[in-house]
Amino acid sequence: MFLDHHTGGIQALVGTRGPQVYRGFNHATQLKRQPGSSFKPLAVYGPALEQGYTPGSSLYDGPLDIAGYQPQDWDGQNRGHVSLQEAIVNSWNIPAVWLLNEIGLDEGLSFVRRAGIPLSQADRSLSMALGGLSEGVSPLQMAQAYSAIANLGVLQPAHAIAKVTTKDGIPLVEANPQPVHVTRPAVAYTLTLLLQEAVKSGTGQAASLGRPTAGKTGTTQLPDTAEFADIGKNGAKDAWFAGFTPELTAAIWLGYDQTDKTHYLTSGGGSVPSVLFKEIMSRVLNGVPASEFPMPEEYREQLLQQQEAERAAAQKAAQEAAQEAARKQAEEKLKHPFGELPKANNAFHGRPTKDKEKKR
């Protein structure tokens, strides 16, 4: 699913593969699957930024048990504490669950719903942080939600038909989507920078285009049943990549209609979905000059305020250091009010020399 996030216009979609029937099941719009870690920016990190967290905020990454829910990081390791940026770039699970518990489930639900995904009360659990939903989402819903991040917090409702006209070109019906304000521009831009880093150096590196690109991978594991016991972590049920450039937003899902022992994925969202995003987007943008993600004025002002605060802090630290040095100097003077006594001249001690004897 590819959208123009500036207008909400659907640019391309693939509803199925192989033999098709007229008006058959459309996987791009009708599918409901668990989004895995691609849901973290919506359910956790977006609302956390709204609550005042920053990319450098420290998050807990250790053994966690909240009312019996015990998430694990995908590598089976713990790092004690990590920054918010490190958590999203490396897709650590424990920090995401811990953070959602800190900001509150209602904050996560509110952000997701504003982004156009209608969660129910059955989704009001910490598993939402990792994309564990009662029903799931479609590629259309994920693309539309991410389009709000790409469009500085404003969601333009997705639509496939711009207008209908007569054969003479007279408009009969025109799309008139009403924009939805999901979050503040500065929050959306900060989230964009974090998702850019996830593509540059994190789990989404296979989606890198050599131009500004932001996105997040997602993978859901096979059911923990006897049928998949021999496969374990070597297989996956769903694989996602949701991301965007300054021009377009996309969500890509891979999986089987019926997952069983002979029909499952052998890689996650950081593999094939990310590569598909790169291959399709690079062709679409071929010949289009690369551009940066626009920086909102609100973020620019915050940056200037932060820089001014850092300068003020540096000046204060320098003044305090100078005052401390002056204080120590004053204390030394008090210890020696008459200054240092001159050192004794050895020439006047002991027996006089012959020359001095003659002078006597």
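Under a 3.5 Å cut-off, the side chain of Asn90 and the backbone N or O of Ala87 do not form any donor-acceptor pair. The main-chain N or O of Ser120 is never found under 3.5 Å from a side-chain atom of Arg124 such that the two would form a donor-acceptor pair.
Within the 4.5 Å cutoff, the side chain of Asp73 has heavy atoms near those of the Arg79 side chain. Leu49 has its side chain within reach of Leu194: a pair of non-hydrogen atoms, C-beta onward, lies under 4.5 Å apart.
Using bins of under 30°, 30° to 60° and over 60° for the plane-to-plane angle, the ring pair His5/Phe244 lands in the perpendicular bin. In this structure, His263 and Tyr256 have perpendicular ring planes: the angle between them is above 60°, well past the 30° mark.
Remark: Thr219 pairs with no residue by the side-chain hydrogen bond (donor to acceptor under 3.5 Å, both in side chains) rule, at least two apart or across chains. Taking the ring pair (Phe, Tyr, Trp, His ring centres under 6.0 Å) definition, one finds that Tyr189 meets it with Tyr299, sequence neighbours left out.
For the pair Leu130 and Pro71, the tightest heavy-atom approach, listed with the atom from each and the gap, is CD1-CB, 4.4 Å. Heavy atoms only, all atoms of each residue included: Thr213 and Ala207 are closest at CG2-O, 4.0 Å. Across every non-hydrogen atom of His6 and Pro246, the tightest pair is CE1-O, 3.2 Å.
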Report task. For salt bridge (Lys or Arg N to Asp or Glu O under 4.0 Å), just list the numbers for Lys328 and Glu331, CA-CA rounded to whole Å, side-chain angles, deciding distance to a tenth of an Å, and then say yes or no. Result -> CA-CA 5 Å; Lys328 290 182 177 180; Glu331 288 179 351; over 6 Å; no
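For Tyr45 and Tyr53, the distance between ring centers is not under 6.0 angstrom.
Residues Val180 and Val154 fall into different hydrophobic clusters, defined by Ile, Leu, Val, Met, Phe, Trp and Tyr side chains chained together at heavy-atom separations under 4.5 Å. Linking Ile, Leu, Val, Met, Phe, Trp and Tyr residues whenever their side-chain heavy atoms come within less than 4.5 Å places Val44 and Phe39 in a single cluster.
Of the candidates Leu99, Thr54, Thr190, Leu84 forms a side chain to side chain contact (heavy atoms under 4.5 Å, CB included) with just one, namely Leu99.
Salt-bridge annotation for Arg33 and Glu135: absent, with no side-chain N of the basic residue lying under 4.0 Å from a carboxylate O of the acidic one.
Through direct or relayed side-chain contacts under 4.5 Å between Ile, Leu, Val, Met, Phe, Trp and Tyr, Ile10 connects to Met1, Leu3, Leu13, Leu140.
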